[in-house]
Amino acid sequence: MAIAIPSIACLGVIGRNNNPLHVSVFPSYDPTTNSFAPLRTPLQFSLLLSSTLDVFEQRARQNAANATGLTGDYGLLHAIDERLASYGFETNTGVKFVVVVDMRGRRVDGAVLGGRAAGVGAVGLREGEMKPVFKAMQTAYVKLLQNPFYDPDEHSPPTGSGGKKIVSRKFAEDMRRIGESWTPGVTAL
Amino acid sequence: MEQPSSSSKVTVEYHDPHDVYKLLAPGLIPRLPLRDLHWQSHNGPVRSIQTLHVELVPAGNEQSSSGPSVTSPNPKPADRDDGFQTASIGGRPASTEQVEATAVAKTGAGAAGKERRHQIPGLRRTPYLKVLLVRCDDNDTYKATTRAEIRDWIKTHASSKPTSNAENHDAFEWLIVHVVIPNTTAATQPRLSGSKAAESSSDPAAKTAALRWRGGSSTLLEKLRNDFNGSSKSAVDRVRQIRIGINDVPYDILPRVVPAVPTGYHESGQDSINAWADLIGKFKELILSCFDTRVSQYEEDIKERDIQRSLPGWNFCTFFILKEGLARGFESVGLVEDALVGYDELSVGLDAIIQEQAITGNAEAHGGALLAHTEELKNIALKAIQQASLGSMDDEQAVDLQGGNQALVDNFHNIPINSSKKAYRELILANNVSLFDFRCYVFGRQISLLLRLGNASSSREELLAKLREQQELVPRGVAPATPMPARTDEAENLLHLAEICRRALQFVPAISTVARNDLMSSIMSADSQISVENPIAIEVVNNVVASFAFSVAQQILAQTSSKALPIPPSTLTVPDGHEPKAAIPEPKTMMHPARQSSLSLRSGQRPPPSPVGFPPGRTTEENTPFIRTGLEDLAAQRAELYSLSRNILEECGKKRGWSGGWAAVPMVGEPGVAEMDDISLDDDDPKANPLANLGTETSASMAGLNNELLRTALRAKDDFHRLYEILTDKALRHYAVASHAHSVQKSMADLAVLKFHLGQYSEASFFFYETIPSFGEAGWSLLELSMLLMFAKSLKELRKLDDYVNKALRQLLCKAAAAEKERIQQKSLLRIRASSKRQYPEPSSMSGLFTDLLHVSSSLGKEVKIPLVSLFCDVELDGPPVYDEMQDSFSVFLKLHCLIVDTFEATKISLRITSVSGSNQEIWLQTEAPITINPGKNKIRLRSMVMVAGSYEVDQIHLSSANVVLHHDRDIVQLDVTAPGTVKNHRVNLYQRAGALDARLIATKEVHLGRNNTLELEVLSGWNNIKSCEVKIRSVTGGVRLLMNEATVLGSIQPSKRPEGGVFAFGAFPAHTSILIKFPFSIENDLASVAVKAEVSFSTENGDFAFSRTSSVPITLALGVNVQDVFKHDKLFSRFTVSAASDSPLRLFKSELLGSDMFESQFGAPPSHPILIFTKQPASLLYKVQRKPGAKVNPKKKQTMHLRLYYSVVQEEIEALLGKTLAEELEQEGLLDYSALVVAKVVSLIDGALSSSELEKVALLGDLRTDFLSGVKWEKLFPGLGRMSAPAPGDGSPAAAIAHFMDSWLKRHPKLPLRHPDPSATQPKTIIIPVDIPPITIVHTADIQLQQPLLSMDTGAARAGGGYPTVCTNQVLPATLHLKWTRIWDTAVSDSTRLTVGAKSPTHVGGRSQDLEFGYEITAPPDTWLLGGRRKGHFVIPAMPNPDGDECLTSTPETEADIPLLLIPLREGWLPLPVVEIREATGNGGLESADSGPGDHHCEMDYRNLGETVHVIADRGEVTLSLDASGPGGGPLVLESERRLGLDGRVVA
């Protein structure tokens, strides 16, 4: 029996100035046409990413007030609809990672299915499931920062507005790898 | 701990065999609920229960709901429990759940569960307290019957006290209440037989003490206590007495017979109150102790069960029921938070169990299996599939279907989350529950608890209603003892409401997954024919799940709505005007259809907020307390729920091809690596799936969409959009309250796109206008561009052309261009790496916009100005200027990278270059014809007919097309060259080609110091056949005035019209001819040089050209001349000292002193070679000047002589030499065009390179060493010259060629001979210096002549020595002083004719016409000469009879004086003759010096004897000396001397 399991529909990196640094959109499985297509247009994904910023701000405020949440993992930001949900992570420098998960973006045959994945299929996604994704994204971002040709100020100017996007191919490939290889239950990416 | 107003209840069962409850109730009910209970849990802090509602249940009538139910007489509408109150499991059918019955009946298990006592009981709704109401009117009755009755009751009901642990779950306490009716014996008895002081019921010890002492005549109360309170010390007092006031008893019950023995006891009001308080206190005490027992029991059980978790056979369901029992226990006493914690733990536990099961795959081993599917879901799904498969389903059928299954469908979909919807607990207990149900149940319970915590209006209203009903049941006519508690509008706790929404947001995705799996398995299990892959099935599943999720969201929204949440009115009310309201489904019923049933209570007070128009409920908004805490939170979470609903709707709509507009939004290519190639991950060929096509057809099925709102919305496209808009708008407004700025933007963007999609452009543009800037600022350019595009289209549709052009298009184009630019840059970055085959999306959506802009802007009044750099990038000049052959024009190539996707025609492109040297020279270059600009790279030739050599920078670029001007202005302060917006390669160097028209400014070679200097401007036509020409000359040096009126044009070509103001117009003149314009100038102060700008505009057959050149000419004199005059009686000697004024030596060829009318000059023999004059070695020229004979002093006659010098400056010679040789050789090398440039450059180097000593060396040696030029980097000196047409050495550039040439030239010419210039061949420079002969009134000549023959010793020898006589000392020399004078040098013009000239000294002028008296004096040192004769004397020079005449100019012998003198020399040696001084005698008789003195007549004296000496020798022939020291003073003694001459006068020594 084929079971739909969650997959990543979109990865977004948002800079300190709330400017988009990177957006990757991943196709989801559509059982009616038996094909892969992104659930939303890139514009809609951009819009979704931008609207998560409010939640980031709110959570950051709460964390500051309660002196909690040192990891920066903000968990579920939005339940966009019954299928899509966004999860967020904020680094110490204010760079935000957003993962939009499609709850049934991929189809897997039951036999192949790993145990944990099945569990996810049964009860939905737990907060901890996103940790490896964020970790991998952060690693990729750190790698990017280590590139001497990458000037963070150019991408999030200290003036506080705007900024360029990340154009590193390597980073894009990393994002893509993360987005495509993640399945529930994966512990390292 | 914040304690919300409790809505919890405990059951108290009362036994009323004597039917006294109705008497008791009026007093009891108002005292309920119980307040301020404090429970000390054994492992936690003291929990306070503020209010605890008590449900009084009569014992024994549980079995029939139709019985005289006192406690629950709620009208039937409320009987459908909806999660706002605790559900019961069996035992209490007071709320008869028909639905439940029908639902459960199918399973067949529910009925059994009612009766069966499960071995693990949940927290049953057993009474906490059993109360026996006893009426016992007197002691006799008590003894006879009542005591036995009570004993029986205790036996049957109360004595089943703790027998086993399990029973503790139902632990209860009991209490006997003795109701005393008035007019009975009991009523006359005092409460206690003891002293009134001991009456205080709070002290049981006192009571018992009283009891003991007064055993015999104890009251009924005491008897009761004695009998039933038990005897042990720890026994609890379980007896209370309440006396009913006489007024409270209905007349028919009131006993008529008053007992005979009145005791005189009278119950006071205070006693009554105390009694009641005692009773209530007892209630509390007993309930709490009972509760405590129960909780401990439960906790023990749970602990035990939990330990067994890993044992096989452990069942989660039973564990769940057990733990839930505890939670319910907490809830029932109002400890809602504790209850919630319990449920949360259970929820997590459930998840853990499910997960474990999924991992191991063995359900039974881990807590027992759950059902794979839910019956209801299955039914719905199957029906829907059936329906969908049967074919088209019209609305009729849909309605029918709904009608048929109304209960089921409504139940399931309108209030999806309801813990009492089904007999969940029984199902769970029976292990017969699906995961879906299970989770729904847990969530429902959590929600209801949270609602209680949040004091949600829904739950509060309900309880208040119940309370009211209870009170209303109090018999009529009996005034309630206490007023009914006012309906407190207690504040809702918004934080808890927000928590509900938050949980719902997490719950929806989770339950959706569960529901989906549930449905799948049910379909599979139900009908093997329907495969899961069947698109219909998939569709139905999708629909069911979507609609379920939608319903949940709507339910939560309804439940969490709060009056305290001030949601601003909708912005959608604006467009009301043109939207047919009739077509809109009534939003009230649409939004919250569930209200009809459970929430009907509220409908009156709080209608659901209407999205259209101002909700009526809002009118009371001012009254509602404004709660800040949690307000934003709640608003945000509610907004999220609205968004969720909206997104579900959108997804459903998508299947029908309807969208909120985003699908159709144009994408503008953005830079970034986000574009992903779609890689097909499945191997299946899409065609291989035959159902793919089918899927698209059936995807629009409504089957399974059971939420009415969703269904309505999806029935028609308009409705869909309507609901979409409403939901988005609601989300927007909630977000606004939550101050979630980004989300507000998002919602607005959604709305904008929707409006745009629907063609409502004015609203769309409003929203676009609001949102676009914020997206732009934060760098969401992808969104910004797309939205700008739509904004532009909307504005265009609205015909707001000005806005269209200026707000939208412009911005859009600029942004798009910026994006494009970034893309290009990125491309160029990537080019470095491996070739990237990434395809950027063709920005086709942008095409046509610019042409549109051009088109529309032409209809606008004013120009549309757009910065060039925002639409173009990589603006640069391509290479150096290109010069046209045989024409004085040049061109530059402008390279532009056009970022506009359209091709358009630029009508004109112009470029301005300005001089860098600070002069304001500007040159405009233009295109000759309209030019088509293509996207991408463009190269444009810009031409200028103006030629002004110099170094320039690009200053402005204007590109105009239609009414649009793209402009670029150089930022003056722009320092960073690499900054965007600068023109690369912006330097332009223009040079004068040799063949072009030229205007040279030459300082004239003849300098006349007495007159204004002149300049010459030579205009060379070069290769131009000039048709007409205009020359404009103006000075650019301050303080210089060009005297254009005196300008002359030399040569054959004369101006075509009279020159005016420095403008000379000429007609045609052929190529290679020149015009020479000579014009004088005057300067106000000393200037080193004069700069003059010549502007020549001329036309040839090739067009009109302009030329301009500013040249500077030094006007300092190269030499300086000093003059010294020596006047003689009839002649004047002038000595001119000519020195070089600069470092450079001069060459003086010739000099002449030009005579004037009065004077003539003579010069000796001129030198054969030119004289070299060095800075420190001036030349001296001596001229003899004589008054011309017969020349009279006449003002008309010019007296001034002029010294003319012919000279050349060596440095200029060097310059000329270099220029000539270089030009010649450059021509040979084919570099003629650059000769002017090169020569100018080389010449400019001389100044710094040759020092004065070097120049002297050159002048002396006669040759020039060129090594001073060898260190020059020639190539750098000639930047931007363009390309050579002919092949040349080096890299082919002219600069390299020139450098090459110079290097070789220097090698060939280490020395250049500097020949003496031939004055006859080249006209040397001349300077004419006016020389004035100073007027001298009188020139005296004094001459002392010794009389001859002089008695000399040796005349011949003496004369031969020097012409001077030799005399002896003491020899008397007779002499004559001869004085003569002349007036010939008095050339001053008399004041009779020229008043002004002599104004300086009037006496001077009058000198001629008056007698002048002079005095002479002869002085000599007294030890030298002894003077005899008139040493001083006066003489008068007669006035001239005719001042202008010639007579009496000079002294005649008559007017000369001879004064005899005797001179006696006193010493030996060469003695100068005595000095003669002549001074003018002043009025006071003194003498003034002849040649000085103010107010004096200018006179000179020529003393002829100056320097003449007389040789005086001692007059001794021989001398005899005695050598002994006998002379005077011990010296030698002259014995005898003999004079040489035997002169008469003998001087005795």
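Chain letters run A, B, ... following the sequence lines, proteins first, then strands; residues in each count from 1.
- At least one side-chain heavy atom of B:H740 sits less than 4.5 Å from a side-chain heavy atom of A:Q58.
- Residue B:N647 is tested with A:Q44, A:R40, A:R83 for a side-chain contact (heavy atoms from CB on, under 4.5 Å); the sole match is A:R40.
- There is no contact between B:F550 and chain A, counting heavy-atom distances below 4.5 Å.
- Close approach to chain B, defined as a heavy atom under 4.5 Å from one of its heavy atoms, is seen in A:L47, A:L48, A:L49, A:S50, A:S51, A:L53, A:D54 of residues 47-54 of chain A, taken by number.
- Between chain A and the options B:A741, B:S643, B:A636, B:A549, the largest number of non-hydrogen pairs under 4.5 Å is found for B:A741.
- Every residue was checked against the ring pair (Phe, Tyr, Trp, His ring centres under 6.0 Å) condition with A:F45, not counting sequence neighbours, and none meets it.
- For chain A, no part of B:A738 is nearby; none of its heavy atoms comes within less than 4.5 Å.
- For B:S512, the part lying under 4.5 angstrom from a heavy atom of chain A is the side chain only.
- Top candidate by heavy-atom pairs under 4.5 Å with chain A, chosen from B:V744, B:I648, B:L641, is B:I648.
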